[in-house]
Enquirer: 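Please read through the structure below; I'll follow up with questions.
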2 protein chains.
Amino acid sequence: MPLGLNDDQLKRIDDIVATRRKVKRGGTLFRNGESFTSLYAIRTGFFKTCVATEDGRDQVTGFQMAGEVIGLDGIVNDHHTCDAVALEDAEVCVMPFDRIEELSREVTALQSHVHKIMSREIVREHGVMLLLGSMRAEERLAAFLLNLVQRLHARGFSQSELVLRMTREEIGSYLGLKLETVSRTFSKFVEEGIVEVKQRHVRILSTDALKGIVNNQQACH
Amino acid sequence: MPLGLNDDQLKRIDDIVATRRKVKRGGTLFRNGESFTSLYAIRTGFFKTCVATEDGRDQVTGFQMAGEVIGLDGIVNDHHTCDAVALEDAEVCVMPFDRIEELSREVTALQSHVHKIMSREIVREHGVMLLLGSMRAEERLAAFLLNLVQRLHARGFSQSELVLRMTREEIGSYLGLKLETVSRTFSKFVEEGIVEVKQRHVRILSTDALKGIVNNQQACH
DNA sequence: CGCGTCATTGATGTGCATCAAGTGGTGTGG
DNA sequence: CCACACCACTTGATGCACATCAATGACGCG
C-alpha cells in the first residue's frame with residue numbers, strides 16, 4: 001500500500017481487507033464462470049491462474065505470490081474468465097470490489113493504486129506476449145527464472161536460490177513449451193554451469209549468463 | 001460511453017475529450033519511453049501497439065480500431081512501455097489521465113467504465129497468451145480473422161468482408177508467426193474454400209469453418 | 001514507366017513436439 | 001519399516017510444423 005494516508009483513511013482501507021480466506025494446496029480461489037465480487041490480495045502462498053479453450057487445452061497465464069492481487073479479469077463482465085489455483089496452502093485478503101470502488105472515490109491514493117495495479121498487469125502481459133511470440137525455449141526459461149528470482153528477492157528471499165512451487169508441466173504451459181522441453185532446457189543450463197537443479201530446488205550460479213541468454217539474439221548466421 | 005448520466009456529467013466528460021490529435025499513417029501516437037500523460041480514444045483510423053526487446057526483435061501486442069482506448073500501459077510507471085503506430089491516417093481524442101481520475105472520483109459511471117476498459121484489456125491479453133502458447137498456425141489465423149471481423153461488425157461493417165490494415169509481417173508478429181507462414185496459411189484457407197483473399201481484401205465464405213478450426217483439437221493420432 | 005514495398009510460392013533446415021522407456025522421490029498401507 | 005504404487009521428472013529416438021533462404025510476382029506511387 002502506498003503512503004501519505006491519514007489514520008482515518010488507513011482504517012477504512014483496513015476495513016476493506018478485514019475478511020480473509022484460506023485455500024488449500026490444489027484448491028481454487030475462483031473458477032472460470034463464477035461471478036465476480038472481489039479482488040484478492042495474497043497474504044501467504046502461491047497461485048497460478050489459467051484459462052482454457054473449449055476443447056480442453058489450457059494455458060497458465062501467470063504465477064502470483066504474496067503481495068500480489070488476483071481477480072482483475074472479473075471486473076469487465078462481472079464474472080471470472082480464468083481459474084485461480086493455489087500451488088501451496090495459501091491465505092488471501094478478500095476485498096469486495098464495490099467497496100474498493102466506493103473508497104477509491106474518496107481516497108485518491110487508493111484510486112491511483114488500483115489503476116497502477118491494473119496497468120502493471122497489462123504491462124506484464126505484454127512481456128509474456130513478447131516471450132511467447134518471439135523467444136526460443138532457452139530464452140523463455142531464462143526470462144522466467146530471472147523474473148521469479150527478482151520477485152522473490154523483492155520479498156526478502158535469496159537472489160540466487162529458489163524453490164519452484166509449480167511442476168515442469170505448469171512452467172511449460174506458462175512458457176508455451178512442453179514439459180519435456182522445460183526439463184531438457186534445465187538440463188542444458190546445468191551442463192553449462194549456469195544453474196544447479198535438484199528437483200524443484202534451483203540455485204542460480206550466474207545471473208549474468210541468464211541475462212545474456214535473454215538478451216542475445218539467437219546466435220545464428 | 002455508458003448511459004445514465006445527467007447533462008452536467010456528460011458535459012464534463014465531454015470537456016475531458018475536448019482536445020484531439022491527428023496521426024498520419026506510419027506516425028506514432030506515443031513511443032516506448034515517452035512520459036505518460038493521457039489515454040487516447042480512437043475516433044478514426046487504425047493502430048498497432050508493439051513492444052521490443054533490447055536486441056531489436058519486436059512483437060505486436062494488439063491492433064486497435066475506432067472506439068478503443070490505448071495508452072493504458074503508461075499508467076503504472078508514468079511512461080509508456082510500447083509504441084503506438086497508426087496503420088492509416090487517424091484521429092484520436094486526447095484524455096489527460098489526471099482529469100480522468102479527478103472526474104471518475106465524482107462520476108461513478110465513469111469510474112466503472114475505466115475499470116472495465118482496463119479489465120477488458122487484461123482479459124483480451126489472456127486470450128492472446130492462450131493463442132500464442134497453445135495454438136497452431138491455422139488456429140491462430142482463424143482466431144485472428146474471427147476477432148477482427150467481429151469487432152468490425154460491431155461497428156457496422158460487414159460480417160464477412162474486411163480490409164486488412166496491416167501487412168502480413170505485422171499479422172505474423174501479432175500471432176507469433178513469420179510472414180511466409182501467414183501467407184501460406186491464407187493460401188490454405190483459400191484452397192479449402194473458407195475465404196477469398198485478394199491482397200489485403202478478405203472475404204470470409206464460411207465463418208463456421210473458421211470457428212471449427214479454432215475450436216477443434218488439432219486432429220492428430 | 002520504373003522502382004520499392006508487400007505478397008506468394010518453393011526448397012530446405014531445425015527447434016521443439018511427440019512417443020517411449022526408465023529413474024527417483026514420496027506417500028500409503030500392510 | 002518395508003513394499004508397492006504413483007507421480008514428477010529425465011533422457012533418448014523420431015517426426016513434423018514452422019522457420020529460413022531464395023526467387024518471382026503484383027501493386028502502388030513518384
Side-chain angles (χ1 to χ4, degrees), chain A residues 24-26 48 57-60 85 87-88 131-142 144 163-192 195-202 213 216-221, chain B residues 24-26 48 57-60 85 87-89 131-142 144-145 163-192 195-202 213 216-221:
Chain A
K24 281 254 166 263
R25 179 181 157 180
K48 69 170 178 181
R57 285 173 292 181
D58 74 336
Q59 169 80 22
V60 172
V85 179
L87 298 180
E88 58 183 15
L131 180 147
L132 290 173
S134 72
M135 291 186 178
R136 299 168 340 97
E138 290 174 45
E139 301 175 276
R140 295 185 196 197
L141 189 62
F144 171 72
V163 177
L164 301 171
R165 301 300 179 186
M166 68 294 281
T167 67
R168 300 287 189 267
E169 185 168 18
E170 285 161 338
I171 296 172
S173 174
Y174 182 59
L175 299 179
L177 302 170
K178 291 291 149 181
L179 69 94
E180 294 96 326
T181 303
V182 174
S183 180
R184 274 185 243 274
T185 308
F186 267 124
S187 299
K188 189 164 184 195
F189 286 173
V190 171
E191 274 172 39
E192 291 169 352
V195 300
E196 284 174 8
V197 178
K198 193 166 198 178
Q199 298 293 116
R200 299 197 179 176
H201 294 259
V202 177
I213 288 171
N216 284 345
Q217 204 114 308
Q218 101 196 57
C220 66
H221 317 306
Chain B
K24 281 253 167 264
R25 179 183 156 177
K48 68 170 178 180
R57 284 172 294 179
D58 75 336
Q59 168 80 21
V60 173
V85 179
L87 297 180
E88 57 184 14
D89 291 356
L131 181 146
L132 290 173
S134 72
M135 290 186 179
R136 296 167 340 98
E138 289 174 46
E139 301 175 275
R140 295 185 196 195
L141 189 62
F144 171 73
L145 288 174
V163 178
L164 301 171
R165 301 301 177 183
M166 68 295 282
T167 67
R168 300 287 189 266
E169 185 167 17
E170 285 161 337
I171 296 172
S173 173
Y174 182 60
L175 298 179
L177 302 169
K178 292 290 148 182
L179 70 94
E180 294 96 328
T181 303
V182 174
S183 181
R184 274 185 243 272
T185 308
F186 267 124
S187 299
K188 188 163 185 194
F189 287 172
V190 171
E191 276 172 38
E192 292 169 350
V195 300
E196 284 175 8
V197 178
K198 194 165 200 178
Q199 298 293 116
R200 299 198 179 178
H201 295 259
V202 177
I213 289 171
N216 284 345
Q217 204 114 308
Q218 97 197 58
C220 65
H221 314 304

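Sequence lines set the chain letters: A, B, ... in the order given, protein chains first and strands last, and positions in each chain run from 1.
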Enquirer: Quick check on the helix from C:dC1-D:dG30 to C:dG30-D:dC1: what's the angle between its two end axes, five base pairs per end, to the nearest 10°?
Expert: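 Computed angle between terminal axes is 40°.
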Enquirer: Considering heavy-atom distances to DNA chain C, does B:Phe186 or A:Lys178 have its closest nucleotide positioned more toward the 5' end?
Expert: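 Result: B:Phe186.
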Enquirer: CD1/A:Ile213 to CG/A:Leu141 distance, rounded to the nearest 0.5 angstrom?
Expert: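 Between atom CD1 of A:Ile213 and atom CG of A:Leu141 there are 8.5 Å.
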Enquirer: Whole-Å distance between C:dC6 P and B:Leu87 CG?
Expert: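 Spelled out: CG on B:Leu87 to P on C:dC6 is 12 Å.
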Enquirer: Check whether A:Ser187 reaches the backbone of A:Ser183 with its side chain - one donor and one acceptor, N or O, closer than 3.5 Å.
Expert: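 Confirmed, A:Ser187 side chain pairs with A:Ser183 backbone.
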Enquirer: Donor-acceptor check, side chain of A:Arg140 to backbone of A:Leu175, threshold 3.5 angstrom: yes or no?
Expert: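 Here the side-chain-to-backbone pair exists.
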Enquirer: Let's see if you can work this out: which of D:dA17, D:dC9, C:dC16 has an atom nearest to the side-chain heavy atoms of A:Gln199?
Expert: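 Selected nucleotide (nearest to the side chain): D:dC9.
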Enquirer: Do any N or O atoms from the side chain of B:Thr185 and from the backbone of B:Thr181 form a donor-acceptor pair under 3.5 angstrom?
Expert: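 Flag set: sc B:Thr185 to bb B:Thr181 pair under 3.5 Å.
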Enquirer: What is the distance, to the nearest angstrom, from the CZ atom on B:Arg136 to the C1' atom on C:dC16?
Expert: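 Answer to the nearest Å: 14 Å.
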Enquirer: In Å, rounded to the nearest 0.5 Å, how long is the span from CZ of A:Phe186 to CG of A:Leu164?
Expert: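 Here the interatomic distance stands at 5.0 Å.
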Enquirer: Taking the side chain as C-beta and beyond, is there a heavy-atom pair between A:Phe144 and A:Leu177 under 4.5 Å?
Expert: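 Sidechains of A:Leu177 and A:Phe144: no contact.
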Enquirer: Expressed in angstrom and rounded to an integer, what is the separation of B:Glu191 atom CD from C:dT8 atom P?
Expert: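 In whole Å, C:dT8 P and B:Glu191 CD are 13 Å from each other.
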Enquirer: Mind checking what makes side-chain hydrogen bond (donor to acceptor under 3.5 Å, both in side chains) contact with B:Arg168, not counting sequence neighbours?
Expert: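 B:Arg168 satisfies side-chain hydrogen bond (donor to acceptor under 3.5 Å, both in side chains) with no other residue.
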Enquirer: Any pair with a residue in residues 175-189 of chain A that passes salt bridge (charged side-chain N to carboxylate O under 4.0 Å, His left out), sequence neighbours left out, goes on the list, sorted by first then second residue, please.
Expert: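 Found A:Glu138-A:Lys188.
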Enquirer: Can you confirm whether more than 12 heavy atoms, excluding those of B:Arg25, are under 6.0 Å from its CZ atom?
Expert: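 Incorrect, the count does not exceed 12.
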Enquirer: Taking only nitrogen or oxygen atoms into account, show me every contact under 3.5 Å that the protein makes with nucleotides 28-30 of chain D, one pair per line with its distance.
Expert:
none

Enquirer: Which pair of non-hydrogen atoms, one from A:Leu87 and one from A:Arg165, has the smallest distance, and what is that distance?
Expert: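 For A:Leu87 versus A:Arg165, the nearest heavy atoms are CB-O, 3.7 Å.
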Enquirer: What is the minimum heavy-atom distance between B:Arg57 and A:Met135, and which atoms define it?
Expert: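 What the structure gives for the nearest pair is NH1-CA, 4.1 Å.
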Enquirer: Which atom pair, heavy atoms only, marks the closest approach of B:Gly176 to B:Leu132?
Expert: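 In terms of heavy atoms, the two residues are closest at N-CD2, 3.6 Å.
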Enquirer: Provide, to the nearest angstrom, the distance between the CD atom belonging to B:Glu138 and the P atom belonging to D:dC16.
Expert: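 Rounded to whole Å, this separation is 15 Å.
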Enquirer: Can you tell me the distance, in whole Å, between the NZ atom of B:Lys188 and the C1' atom of D:dC18?
Expert: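 For the pair B:Lys188 NZ and D:dC18 C1', the rounded distance is 12 Å.
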Enquirer: Are any side-chain N or O atoms of A:Glu196 and backbone N or O atoms of A:Val202, one a donor and one an acceptor, separated by less than 3.5 Å?
Expert: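 Here the side-chain-to-backbone pair does not exist.
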Enquirer: May I have the distance from A:Leu175 (atom CG) to C:dA17 (atom C1'), rounded to whole angstrom?
Expert: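 Atom-to-atom, A:Leu175 to C:dA17, this comes out as 15 Å.
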Enquirer: Quick check: on DNA chain C, is the nucleotide nearest A:Ala137 upstream (toward 5') of the one nearest A:Lys198, or the reverse? Name the residue that is more 5'.
Expert: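 Comparing both residues, the 5'-ward one is A:Ala137.
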Enquirer: Please give me every residue in residues 163-173 of chain A whose heavy atoms get under 4.0 Å of an atom in DNA chain D, ordered by residue number.
Expert: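 Within residues 163-173 of chain A, the residues near DNA chain D are A:Thr167, A:Arg168.
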Enquirer: Rounded to the nearest 0.5 Å, how far apart are NZ of A:Lys24 and CD of A:Glu88?
Expert: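 Taking NZ in A:Lys24 and CD in A:Glu88, the distance rounds to 11.5 Å.
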Enquirer: For B:Met135 and D:dA17, what is the distance between atoms CE and C1' respectively, to the nearest whole Å?
Expert: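 Checked: the CE to C1' distance equals 17 Å.
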Enquirer: Enumerate the protein-to-nucleotides 9-14 of chain C contacts in which both atoms are nitrogen or oxygen and the separation is below 3.5 Å.
Expert:
{"unit_1": "C:dT9", "atom_1": "OP2", "unit_2": "B:Ser187", "atom_2": "OG", "d": "2.6"}
{"unit_1": "C:dG10", "atom_1": "N7", "unit_2": "B:Arg184", "atom_2": "NH1", "d": "2.8"}
{"unit_1": "C:dG10", "atom_1": "O6", "unit_2": "B:Arg184", "atom_2": "NH2", "d": "2.9"}
{"unit_1": "C:dA11", "atom_1": "N6", "unit_2": "B:Arg184", "atom_2": "NH2", "d": "3.3"}

